[in-house]
Amino acid sequence: MSSHAALSLPRRRLASVYQRLLATYRPQHWWPADSPFEVMVGAVLTQNAAWANVERALANLKRHRCLSAPGILDLDQEQLADWLRPSGYFNIKAGRLRNFCQWYCNAGGVRRLRRRDTASLRYQLLSVNGIGPETADDILLYAFERPVFVIDAYTRRLFSRLGLISGNEGYETLRHAFERALGPDTKVFNEYHALIVRHAKDVCRVRPLCLRCELRRYCQTGKLA
DNA sequence: TACCAGGAGAAAA
DNA sequence: TTTTCTCATGGT
């Protein structure tokens with residue numbers, strides 16, 4: 001029995017927002033990576049960091065042919081941190097990435113991990129120091145293609161401004177609410193989260209107030225763009 | 001100069 | 001149990 005508070009979200013409204021985002025931005029083809037393992041590394045590095053800076057850190061690992069769990073574990077912490085520097089919090093992230101790679105190797109790699117059910121995989125990911133709910137769900141959705149809805153700051157902001165949530169709900173409360181409302185659809189979860197991020201970047205990076213204006217327009221006219 | 005970006009964990013209250 | 005603090009670079 002889960003302990004999260006129940007929250008009901010309007011299925012049709014969520015579907016409508018999704019369709020409007022999709023019509024505006026087209027499919028995003030997430031996650032931008034060449035392999036499931038690169039997705040996982042990117043998920044750790046993108047914690048509180050701009051993706052462009054994460055790409056630089058990933059490029060450093062690729063350039064030195066170290067974008068693999070054994071490759072990362074073979075590096076000393078100082079070298080790894082130096083290559084992760086562009087993504088910020090490099091000392092913290094070097095430790096987190098090593099923790100994750102240790103777990104990944106112990107678990108037998110992606111093929112063995114794929115055999116596990118989603119709940120146990122999520123539980124194990126969360127047991128790794130440095131993997132929190134959002135990072136775990138990024139990995140489950142984009143690396144393992146499991147129907148898990150990722151809740152991030154953009155999701156909270158968008159749906160609180162649309163008046164569907166307060167924005168202060170717990171992570172699990174929101175995740176379960178979105179999953180119940182949308183149904184267990186990996187493809188939709190993948191695209192929905194990517195579109196939310198795309199929308200937030202598109203509007204907020206240019207001018208923060210635009211998002212509010214646009215959502216007000218959405219509430220009045222039903223049109224996002 | 002100040003703020004933000006695809007958070008998480010430890011410490012303090 | 002909840003809130004606050006810390007980690008840090010790079011772009012706007």
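Just so we're on the same page: letters track the sequence lines, and every chain starts at 1. None of the values given here were measured: they were computed from a predicted structure.
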Atom-to-atom span, [atom1] of [X] to [atom2] of [N] - whole angstrom:
X      : N      : atom1 : atom2 : answer
A:F90  : C:dG10 : CZ    : C1'   : 13 Å
A:L45  : C:dT9  : CG    : C1'   : 13 Å
A:N168 : C:dT2  : CG    : C1'   : 13 Å
A:N53  : B:dC3  : CG    : P     : 19 Å
A:I92  : C:dC7  : CD1   : P     : 8 Å
A:R85  : C:dA8  : CZ    : P     : 9 Å
A:K93  : B:dA5  : NZ    : C1'   : 9 Å
A:Y89  : C:dC5  : OH    : C1'   : 11 Å

Between A:Y192 and A:F178, how do the two ring planes meet: parallel, tilted or perpendicular, split at 30° and 60°?
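A:Y192 vs A:F178 ring planes: perpendicular.
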With heavy atoms under 4.0 Å as the rule, sort [X] into base, sugar-phosphate or nothing.
X      : answer
A:V128 : sugar-phosphate
A:D138 : nothing
A:I131 : sugar-phosphate
A:R96  : base

Partner of A:E78 under side chain to side chain contact (heavy atoms under 4.5 Å, CB included), chosen from A:D82, A:D76, A:L80
A:D76
What's the closest nucleotide to the A:N129 side chain, out of B:dG9, B:dA8, B:dA5?
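For the A:N129 side chain, the nearest candidate turns out to be B:dG9.
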Select one nucleotide: of C:dG10, B:dG7, B:dA5, the one nearest the side-chain heavy atoms of A:R56.
C:dG10
Using a cut-off of less than 4.0 Å, is there contact between a side-chain N or O of [X] and OP1 or OP2 of [N]?
X      : N     : value
A:T135 : B:dA8 : yes
A:N91  : C:dA8 : yes
A:R157 : B:dA5 : yes

Hey, which of these two, A:G130 or A:W30, hits DNA chain B nearer its 5' end, going by closest nucleotide?
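Residue closer to the 5' terminus by nearest nucleotide: A:W30.
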When rounded to the nearest Å, what value does the distance between C1' atoms of B:dA5 and C:dT3 take?
23 Å
On a whole-Å scale, what distance lies between the P atoms belonging to C:dA8 and B:dA10?
15 Å
Exercise: do A:R96 and A:N99 side chains pair donor with acceptor under 3.5 Å:
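No pair is found: no donor N or O on one side chain lies under 3.5 Å from an acceptor on the other.
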Can you name the closest pair of heavy atoms from A:Y142 and A:N190 and give their distance?
OH-O, 2.8 Å
Between A:E172 and A:R122, does any side-chain N to carboxylate O distance fall below 4.0 Å?
yes
